Amino acid sequence: MNSDIKGPSHGRVVIIGAGLAGLTVALNLASHCRVTVLAKRGLDEGATAWAQGGIVGVLGQDDSVESHVKDTLDAGAGLVDEHTARFIAQASSSAIEWLVAQGVPFSEDPQGPLGLHLTREGGHAVRRIAHAADATGKAIHDALMDKARNHPHIDLRERWMALDLITTRHLKRSGPARCHGVYALDMDHRRVETLEAQAVVLATGGAGKVYRYTTNPDTATGDGVAMAWRAGCRIANMEFIQFHPTCLYHPQDRSFLISEALRGEGARLCLPGIDGDEARFMPRHDPRAELAPRDVVARAIDFEMKKHGLDHVWLDARHLGRDFLESHFPTIYARCRSLGMDMATQPIPVVPAAHYTCGGVVTDLQGRTDLPGLYAVGETAHTGLHGANRLASNSLLECVVLGQACASRIASEPATPHASLPPWDESQVEDADEQVVIAHNWDELRLLMWNYVGIVRTTRRLERALHRVQLLKSEIDEYYANFRVTRDLLELRNLVDCAELIVRSALLREESRGLHYSRDFPHTLPVSFPTVMAKSMVRRSPA
Ligand code: FAD
Ligand code: SIN
C-alpha cells in the first residue's frame, strides 16, 4: 500500500466478511488503524475459498489492457462501465504481483509471464487466467488468511454475524446521514453487540443461496446488499444473476462447480443418447462454441435440456487424457472419482446453477457507497465492471483492485468524532417456538426463485414470484419483530430482501440482455441503462 497515505491512526474499521475482498481491505489498511473482520461462519467459509478457475492477469505478450477491456465489454452486453473496466484491467498485473508477494502459490510455467502458467476461459480472447491448478481460491485465501492471522492490528472474529448497520437515524439526532457502526450477533454467546466504527466495509459476497440450485457456499445470502438497502443505499442490476453452465449433476452433489477452465482446455458439451458429431451442440448456438460467454452457454444448455426432456447434459473431457486431467484439474478429478465417475473414461453430467450476483450495492472506484462511512467491495458491490454478464475470472480481480483502492480511501479519510450508539434492544422479543416456519420459508423462497426467476423468464412468472415474495416478506418481518434473532432468521430476512430486489429489477427490464432473458421481450433495446433501485424510487437510470 502507498506509504505516504496519511490516514486515521485511531478509530476502528469494521470489515464484514473474510473473503478475498474483506482480507484485501484488511491487509492494506492494518498499518493505519485497528481492523476488526467479522465472518458469520468459519473464517474459511465463503466463495473465495471455493474459486476454481483463476484470476485475470493481463500479463501475456499477446495480451493488452484494451483486449481485456474489449472482452469484458462484450460479455457485459452493453452495460459495463468502460472506465471501471479499464481501471481494473490496468491494475491487474500489480494485483497478481501483490498476491504473489503475499505467498499465493500460482501454477508455474518457466516460459510464462512472471513465471506463471496462464489458462483460458469462455469470453477471453487469449490465455490470461493465473491459477493454482483448479483450486485457485483456496490457495489465495490460505495465503491471505495466514497474513491476517499474524497481523497485530487485525482482529478476526468468526461466528459473528452483522445484522444491521447503525446510521444517524438510530442516533435519533439530526445531522447528515452517516454509518456509525454495526449490530452483530456473537453466535457463541448468543448476544447482539454494538460495534462502533470509523468506517464499515461490506464484503459479504453474493446472494446465490436465493436459488434452490447454486454453486455458492452457505454464506452467500446477500447480507451486504440487504443491509445497505435497508440503510437507504442504491442497489443496481440485481436482475443479472449469472448461472454457471457446468455444475455437477449427481444425486449426492448438486452444487459442485466444474470449472470453465475445463472447457478452456478443450472439454465439450454433448447431448446424452446421441452419437457422433451431432451430440456436440454448442457450435449450433454460437460460433465460439463452448467458449462463448456464460449467458450464451447456460441458455443453450437450458434450451437443449427442455427440447430433449433431459435432466442434464454431458461434459466430455476424455480426449484430454488422464495425466492432463489429474495434473491440471486434481480437485475436480478427485471429486468425480469419489462419486464413482472417471473423467478420463466417461463424460460427466452437468447442469447450470446460480453462480454469481452481478448487481449489488452501488459504489465508486474507491468502494464508497451512498452513505458516508459505509463502503462495499467484492461480489456485494456494483462497480459497473460486470454489466449484464460477468466475464469469467474478473471477480477475484475486482476484489483485489477495489479492495486496495478502498483501503487507500479509508486511510485518507479524517477521523470522525466518537458517537455514543444505542445498544441492541431485545426487551420486546422472546425465543422463537417454531423453527419449522423459518425452514419452510427458506425452502419455499429458493424453489420459487428457481422456478419463476431462472434462466428464461416471463412477465407472468415474475409477477407471481413478486406476489409470493411479498407474502413471505411480511411473514418474516413479523417473525423478526417478535422473536430473538438467530442466524437462520437473519439470513432468511436478507434473502427475501434480495429476492424482491431481483424480481423487481427483472420486471423493470423490458428487454433481453445478457443474463436477463424474457420470453415476453426477446429483443435487446438499442440503448440501455443499469436498473437502479432506491428506497424513494424504482427506476431504470443512466446513473
Ligand atoms: P466471499 O469470498 O464469499 O466472502 C464473504 C464473507 O462474508 C465470508 O467470510 C462470510 O462469512 C462473510 N459474511 C457474509 N455475510 C456476513 C454477515 N452478515 N456477517 C458477517 N460475515 C458475513 N471468481 C473468479 O474470479 N474466478 C474463479 O475461478 C471463480 N470460481 C468460483 C467458483 C465457485 C464455486 C464460486 C461459488 C465462485 C467462483 N468465483 C470465481 C466467484 C468468486 O469466488 C467470488 O465472487 C469472490 O470470491 C467473492 O469474494 P468476496 O470476498 O466478495 O466474498
Ligand atoms: C470457473 O472456474 O469456472 C469459475 C470461474 C468464475 O466464476 O469466474
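Keep in mind that this is a model prediction, so the values were computed, not measured. Numbering of ligands and ligand atoms starts at 1, following listing order.
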Counting non-hydrogen protein atoms only, what is the nearest one to [atom]? Give residue, atom name and distance.
| atom | result |
| --- | --- |
| atom 19 (N) of ligand 1 | Ala162 N, 2.9 Å |
| atom 2 (O) of ligand 2 | Ser259 OG, 2.7 Å |
| atom 8 (O) of ligand 2 | Ser393 N, 2.7 Å |
| atom 2 (O) of ligand 1 | Thr48 OG1, 2.5 Å |
| atom 35 (C) of ligand 1 | His355 CE1, 3.4 Å |
| atom 3 (O) of ligand 1 | Ala47 N, 2.9 Å |
| atom 7 (O) of ligand 1 | Gly17 CA, 3.1 Å |
| atom 18 (N) of ligand 1 | Asp223 OD2, 2.8 Å |
| atom 27 (C) of ligand 1 | Gly54 O, 3.5 Å |
| atom 34 (C) of ligand 1 | Trp50 O, 3.6 Å |

Going by the closest heavy atom to [atom], which one wins out of [options]?
| atom | options | value |
| --- | --- | --- |
| atom 25 (O) of ligand 1 | Leu396, Thr204, Thr119, Leu402 | Leu396 |
| atom 11 (O) of ligand 1 | Arg157, Lys40, Met161 | Lys40 |
| atom 5 (C) of ligand 1 | Gly206, Ala203, Ala49, Ala392 | Ala203 |
| atom 7 (O) of ligand 2 | Arg263, Arg390, Glu121, His131 | Arg390 |

Sidechain N-carboxylate O distance under 4.0 Å for [X], [Y]:
| X | Y | value |
| --- | --- | --- |
| Glu158 | Arg41 | no |
| Glu265 | Arg127 | yes |
| Lys70 | Asp74 | yes |
| Asp223 | Arg493 | no |
| Lys40 | Glu491 | yes |
| Lys138 | Asp44 | no |
| Arg34 | Asp155 | no |

I want to know whether Phe256 and His250 have ring centres closer than 6.0 Å.
no

Ring centres of Phe329 and Tyr333 under 6.0 Å apart?
no

Using distance alone, determine whether Gly53 and ligand 1 share an N or O pair under 3.5 Å.
yes

For [X] and [Y], work out which heavy atoms get closest and say how close.
| X | Y | value |
| --- | --- | --- |
| Leu27 | Ile154 | CD2-CD1, 3.9 Å |
| Ala130 | Leu116 | CB-CD1, 4.4 Å |
| Ala197 | Val14 | CB-CG2, 3.8 Å |

Which atoms from ligand 1 have a heavy atom of [X] less than 4.0 Å away?
| X | result |
| --- | --- |
| Tyr356 | 45 (O) |
| Gly378 | 52 (O) |
| Trp160 | 19 (N), 20 (C) |
| Gly205 | 3 (O), 5 (C), 52 (O), 53 (O) |

Please could you name the atoms of ligand 2 that [X] approaches to less than 4.0 Å, counting only its heavy atoms?
| X | value |
| --- | --- |
| His244 | 1 (C), 3 (O), 4 (C) |
| Glu260 | 1 (C), 2 (O), 3 (O) |
| His355 | 6 (C), 7 (O) |

So for [X], does at least one of its heavy atoms come nearer than 4.0 angstrom to any atom of ligand 1?
| X | value |
| --- | --- |
| Gly137 | no |
| Arg487 | no |
| Leu20 | yes |
| Asn216 | yes |

Does Arg390 make a cation-pi contact with Tyr356, if we ask for NZ or CZ under 6.0 Å from the ring centre and within 45° of the axis?
yes

I'd like to know whether NZ of Lys473 has more than 12 heavy-atom contacts from other residues, nucleotides or ligands below 6.0 angstrom.
yes

Within a reach of under 6.0 Å around CD of Glu108, are more than 12 heavy atoms found that belong to other residues, nucleotides or ligands?
no

Consider every N or O of Gln52 and every N or O of ligand 2, then say whether any pair is closer than 3.5 Å.
no

For Gly53 and ligand 2, does the shortest N/O to N/O distance drop below 3.5 Å?
yes

May I ask you to decide if the ring planes of His328 and Phe324 are parallel, tilted or perpendicular, using 30° and 60° as cut-offs?
parallel

Aromatic rings His124 and His68: how do their planes relate, parallel, tilted or perpendicular, breaks at 30° and 60°?
parallel

I'd like to know whether ligand 2 has Gln242 as a neighbour, heavy-atom separation below 4.0 Å.
no

Closer than 4.0 angstrom: is that true for some heavy atom of Ser395 and an atom of ligand 2?
no

With sequence neighbours excluded, what pairs up with Asp316 under the salt bridge (Lys or Arg N to Asp or Glu O under 4.0 Å) test?
Arg318

Is ligand 1 under 4.0 Å from a heavy atom in the side chain of Arg159, in the backbone, in both, or in neither?
neither

Which is it for Arg294 and ligand 2 at heavy atoms under 4.0 Å: side chain, backbone, both or neither?
side chain

Residue portion contacting ligand 2 (non-hydrogen atoms closer than 4.0 Å) for Leu257
side chain

